[in-house]
Amino acid sequence: MARMYSKGNPFGAYQVVITCANLLQKKPEPKETLGQRLFALEVIGTLFQELGRLLGSCMQDTLSALLVGLKVSEGTRCETLKAIGKVLSGLENS
């Protein structure tokens with residue numbers, strides 16, 4: 001998905017990142033599975049790692065959402081820290 005957005009218009013990637021970030025900011029509900037949160041973390045990390053500077057404008061909102069998600073959900077702390085590392089490594093020269 002990241003390679004597809006890197007060739008064309010990255011606007012769809014912005015929407016995907018914002019949707020995943022909104023999912024992570026919410027407090028986990030009993031009906032929500034852990035898999036959804038893990039998938040959102042992996043998508044955010046991979047998109048930022050591949051696209052890097054193309055997504056730089058939504059980096060601040062995404063990092064704040066990841067930090068809120070770090071506080072809210074205890075079960076995904078390790079994966080959240082990995083996603084933050086991928087975001088920062090994708091923006092290395094910025």
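Values reported hereafter were calculated over all heavy atoms of this structure, with side chains retained and with hydrogens, waters and symmetry mates removed. Being a predicted model, the structure only gives us computed values, none of them experimental.
The two residues Y14 and L54 come nearest to each other via the heavy atoms OH-O, 2.6 Å. Heavy atoms only, all atoms of each residue included: V17 and F48 are closest at CG1-CE1, 3.8 Å. Among all heavy-atom pairs drawn from A13 and L51, the shortest one is CB-CD1, 3.9 Å. The nearest pair of heavy atoms linking T80 to L66 is CG2-O, 3.4 Å.
Scored by the side-chain contact (heavy atoms from CB on, under 4.5 Å) test, D61 finds no partners at all (sequence neighbours excluded). The side chain to side chain donor-acceptor pair (under 3.5 Å) test applied to Q25 returns no partner, not counting sequence neighbours. Residues satisfying the side chain to side chain donor-acceptor pair (under 3.5 Å) criterion with T76, sequence neighbours excluded, are S73.
In this structure, L23 is not a member of the same hydrophobic cluster as I18, with clusters built from ILVMFWY side-chain heavy atoms closer than 4.5 Å. When hydrophobic clusters are built by joining Ile, Leu, Val, Met, Phe, Trp and Tyr residues whose side-chain heavy atoms come closer than 4.5 Å, directly or via intermediates, L88 is grouped together with I44. Under the 4.5 Å side-chain heavy-atom criterion for grouping Ile, Leu, Val, Met, Phe, Trp and Tyr, F39 is not connected to V68 through any hydrophobic cluster.
With respect to the salt-bridge test (charged N to carboxylate O, under 4.0 angstrom), the residues K86 and E79 do not qualify.
K82 is not listed as a side-chain neighbour of L41, based on a closest heavy-atom distance of 4.5 Å or more. Side-chain contact between V72 and L24 is absent, with no heavy atoms from C-beta onward closer than 4.5 Å.
Taking OG1 from T62 and CG from L47, the interatomic distance works out to 10.0 Å, rounded to the nearest 0.5 Å. Between atom CG of residue L70 and atom SG of residue C78 there is a gap of 10.5 Å, rounded to the nearest 0.5 Å. Note: S64 OG to M59 CE = 10.0 Å, rounded to the nearest 0.5 Å.
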Exercise for the section: Decide yes or no on side-chain hydrogen bond (donor to acceptor under 3.5 Å, both in side chains) for E50 and T46, but give the supporting numbers first. Expected result: CA-CA 6 Å; E50 293 291 324; T46 304; over 6 Å; no
